[in-house]
Amino acid sequence: MRGRLIVIAGPTAVGKTDYSISLALKYGSPVISCDSRQIYREMSIGTAVPDASQLSAVKHYFIHSHSVMQNYTAGDYEIEAVPLIEKLFAEGRDTLIMSGGSGFYIDAVCNGLDCLPDADPVMRKELTSRLKEEGVTALADELKRIDPASWAAIDRNNGQRVVRAIEVFRQTGKPFVSFRLQAPKERSFDIEKYCLTRPREELYSRIDSRVLKMIDEGLVDEVRSLTTYRGRPALRTVGYSEIFRYLDGEIPLEEAIQLIQRNTRHYAKKQLTWWKRDPSVKWIIL
């Protein structure tokens, strides 16, 4: 009998953590996280990792499992997550719960990824230097010119993702998103995908409130403690980039907070767009 992997996707702040834990308790499953930022052990507040009570309710995988010093990709996640899922099914479970908002990570498990070209060290150095000097917006504008399909699909606030998309297009002449396989890889388990959603104004209100909660919990101090690592790709993301600008004296804290809220809303919209393109997804309105 084939195991069943239930994937709970959805935009940031929609309520995936609580929903997934309730399902995990129902089926006696751990939660396999597929969040491209919660894997980093140095990042907690700004990535909204599950709190201590949530982590103690069920076992979680891929939470604080890697360091920001690693260049971790969706391909790496496929290599690590699929064998883990197969192992957990082999231990006798018939249902497993996977939860997260990272579309590329979920695709990596559900469909597999094509073999992306290895990064060219010279090109990577050039783009990383430009990212640091010019900012992610300038590189995103370049991506829009050369690869509009990928520009429309990826998180353009994720500097690492934008750099990788430009690299792939320069090396292959093909859109970065075209490396999502047309024919999914065969898996030894069945997959059901669900996307959680809420009315837009409710979702945006939850996002704004979450950002304020992060500030109250000490996001500024967390970002300050990561100054040594600020050049790492993992930290070029919403919530961290804006606070670094505040710490550099570029903008006041209130503006940084408003930018985080705005950029997080934009990211949530992009996440929903990603899942609307997948006809196999079933939608759950909370």
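Note that these values count all heavy atoms, side chains included, but never hydrogens, waters or copies made by symmetry.
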Can you check whether F104 and F176 have ring centres sitting under 6.0 Å from each other?
yes
Atom pair NZ/OG1 of K269 and T264 - distance to nearest 0.5 Å:
15.0 Å
Consider only side-chain N and O atoms of S67 and E42, and report whether a donor and an acceptor are under 3.5 Å apart.
yes
State whether F189 and R2 meet the cation-pi test: NZ (Lys) or CZ (Arg) under 6.0 Å from the six-membered ring centroid, and within 45° of the perpendicular axis.
no
Look up atom CG in L203 and atom CD1 in I207, then write down how far apart they are to the nearest 0.5 Å.
4.0 Å
Taking it one step at a time, do D141 and K144 satisfy salt bridge (Lys or Arg N to Asp or Glu O under 4.0 Å)?
CA-CA 5 Å; D141 288 343; K144 183 178 182 179; over 6 Å; no
Inspect the contact between K270 and D155 and indicate whether a charged nitrogen and a carboxylate oxygen are less than 4.0 angstrom apart.
no
Donor-acceptor pair, distance only, cut-off 3.5 Å: does the side chain of E222 make one with the backbone of G46?
yes
Which pair of heavy atoms, one from R277 and one from A152, lies closest together, and at what distance?
NH2-O, 4.4 Å
For M98 and C34, which heavy atoms make the closest approach, and how far apart are they?
CG-SG, 3.6 Å
CD/E126 to CD1/I166 distance, rounded to the nearest 0.5 angstrom?
9.0 Å
Between Y40 and Q70, does any side-chain donor sit less than 3.5 Å from a side-chain acceptor?
no
So E80 and S65, do their side chains get closer than 4.5 Å, heavy atoms only?
no
Counting only N and O atoms by type, is there a donor-acceptor contact under 3.5 Å from the side chain of S150 to the main-chain atoms of D147?
no
Measure from the side-chain N and O atoms of Q271 to the backbone N and O of T12, and report whether any donor-acceptor pair falls under 3.5 Å.
yes
Scanning both residues in full, the closest heavy-atom pair of V136 with G159 reads CG2-CA, 3.7 Å
I'd like to know if the side chain of T227 reaches the main chain of R224, judged simply by a donor and an acceptor atom lying under 3.5 Å from each other, with no hydrogens or angles considered.
yes
When you look at N71 and R232, which way does the side chain to side chain donor-acceptor pair (under 3.5 Å) test go after all the steps?
CA-CA 8 Å; N71 289 324; R232 302 300 302 172; 3.1 Å; yes
R130/E142 ion pair, N-O < 4.0 Å:
yes
With R37, the side chain to side chain contact (heavy atoms under 4.5 Å, CB included) member among V68, V49, T237:
T237
Mind checking the CH2-NZ spacing from W283 to K193? Nearest 0.5 Å is all I need.
11.5 Å
Side chains of W151 and R156 in contact at under 4.5 Å (non-hydrogen atoms)
yes
Is the side chain of H64 donor-acceptor paired with the backbone N or O of M43 at a distance under 3.5 Å, no angle test?
yes
Is there a side-chain contact between R210 and M214 (heavy atoms, below 4.5 Å)?
yes
Common cluster, I21/L5, ILVMFWY with side-chain heavy-atom separation under 4.5 Å
no
Could you tell me whether a side-chain N or O of Q38 sits under 3.5 Å from a main-chain N or O of A48, the two making a donor and an acceptor?
yes
Just by distance, no angles: are the side chains of D278 and S280 close enough, under 3.5 Å, to form a donor-acceptor pair?
yes
Identify each donor-acceptor pair in which a side-chain atom of residues 250-259 lies under 3.5 Å from a protein atom, sequence neighbours left out, and give them as a table.
| from | atom 1 | to | atom 2 | distance (Å) |
| --- | --- | --- | --- | --- |
| E250 | OE1 | R245 | NE | 3.1 |
| E254 | OE2 | Q258 | NE2 | 3.4 |

Return the CD1 to CD distance between I285 and E202, rounded to the nearest 0.5 Å.
10.5 Å
Answer with yes or no whether the side chains of Q171 and D120 bring together a donor and an acceptor at under 3.5 Å.
no
Does any non-hydrogen side-chain atom of L247 lie less than 4.5 Å from one of V220?
yes
Stepwise side chain to side chain donor-acceptor pair (under 3.5 Å) check, D35 with S33
CA-CA 6 Å; D35 186 289; S33 173; 5.8 Å; no
Heavy-atom distance under 4.5 Å between the side chains of I97 and I32, does that happen here?
no
So that I can tick it off, tell me whether K213 and D208 are bridged by a salt bridge, with the cut-off set at under 4.0 angstrom between side-chain N and carboxylate O.
no
Taking R4 for the side chain and I191 for the main chain, is one N or O donor matched with an acceptor at less than 3.5 Å?
no
Answer yes or no: is there a side-chain heavy-atom contact under 4.5 Å between T17 and S99?
no
Take atom NZ in K174; do more than 12 heavy atoms of anything else shown fall under 6.0 Å from it?
no
Linking I/L/V/M/F/W/Y whenever their side-chain heavy atoms sit closer than 4.5 Å, directly or via other members, would V223 and M69 fall into one cluster?
yes
Donor-acceptor contact present, side-chain T47 to main-chain S44, <3.5 Å:
yes
Could you tell me whether R200 atom CZ has more than 12 heavy atoms of other residues or ligands within 6.0 Å of it?
no
Should R124 and R164 count as side-chain neighbours, where that means a heavy-atom distance under 4.5 Å?
yes
Within the distance-only criterion (no hydrogens, no angle test), does the side chain of E242 pair as donor or acceptor with the backbone N or O of G239 below 3.5 angstrom?
yes
Under the side chain to side chain contact (heavy atoms under 4.5 Å, CB included) criterion, do N158 and R236 qualify, and how do the steps go?
CA-CA 6 Å; N158 184 329; R236 300 187 189 115; 6.0 Å; no
Does NZ or CZ of K87 lie under 6.0 Å from the centre of the six-membered ring of F89, at an angle within 45° of the ring axis?
no
Considering non-hydrogen atoms only, spot the tightest contact between D51 and S53 and give its length.
OD1-OG, 2.7 Å
Any idea which heavy atoms bring S102 and S36 closest together, and the distance?
OG-N, 2.8 Å
Within 45 degrees of the ring normal and closer than 6.0 Å to the centroid, is that where the cationic atom of R262 sits relative to Y204?
no
Distance alone, cut at 3.5 Å: any donor-acceptor contact between the side chains of E201 and S205?
no
Would R161 and L143 satisfy side chain to side chain contact (heavy atoms under 4.5 Å, CB included), going step by step from the backbone distance to the final call?
CA-CA 11 Å; R161 188 64 50 77; L143 180 65; over 6 Å; no
Given Y19 and L23, is the side chain to side chain contact (heavy atoms under 4.5 Å, CB included) satisfied, shown in steps?
CA-CA 6 Å; Y19 192 92; L23 278 185; 3.7 Å; yes
May I ask you to decide if V14's main-chain N or O and R198's side chain share a donor-acceptor pair within less than 3.5 Å?
yes
Give a yes-or-no answer on whether the side chains of R187 and N111 include a donor-acceptor pair shorter than 3.5 Å.
no
Under 4.5 Å between side-chain heavy atoms, hopping through other hydrophobics if needed: is there a path connecting Y194 to Y105?
yes
Note, V7 side chain near E192 side chain (heavy atom, < 4.5 Å):
no
Passes side chain to side chain contact (heavy atoms under 4.5 Å, CB included), N157 versus V162? Steps please.
CA-CA 8 Å; N157 290 306; V162 173; over 6 Å; no
Check the hydrophobic clustering (I, L, V, M, F, W, Y; side-chain heavy atoms under 4.5 Å; chains of links allowed) and say if I154 and W275 are grouped together.
yes
So CD1 of I8 and OG of S22: to nearest 0.5 Å the spacing works out to 8.5 Å
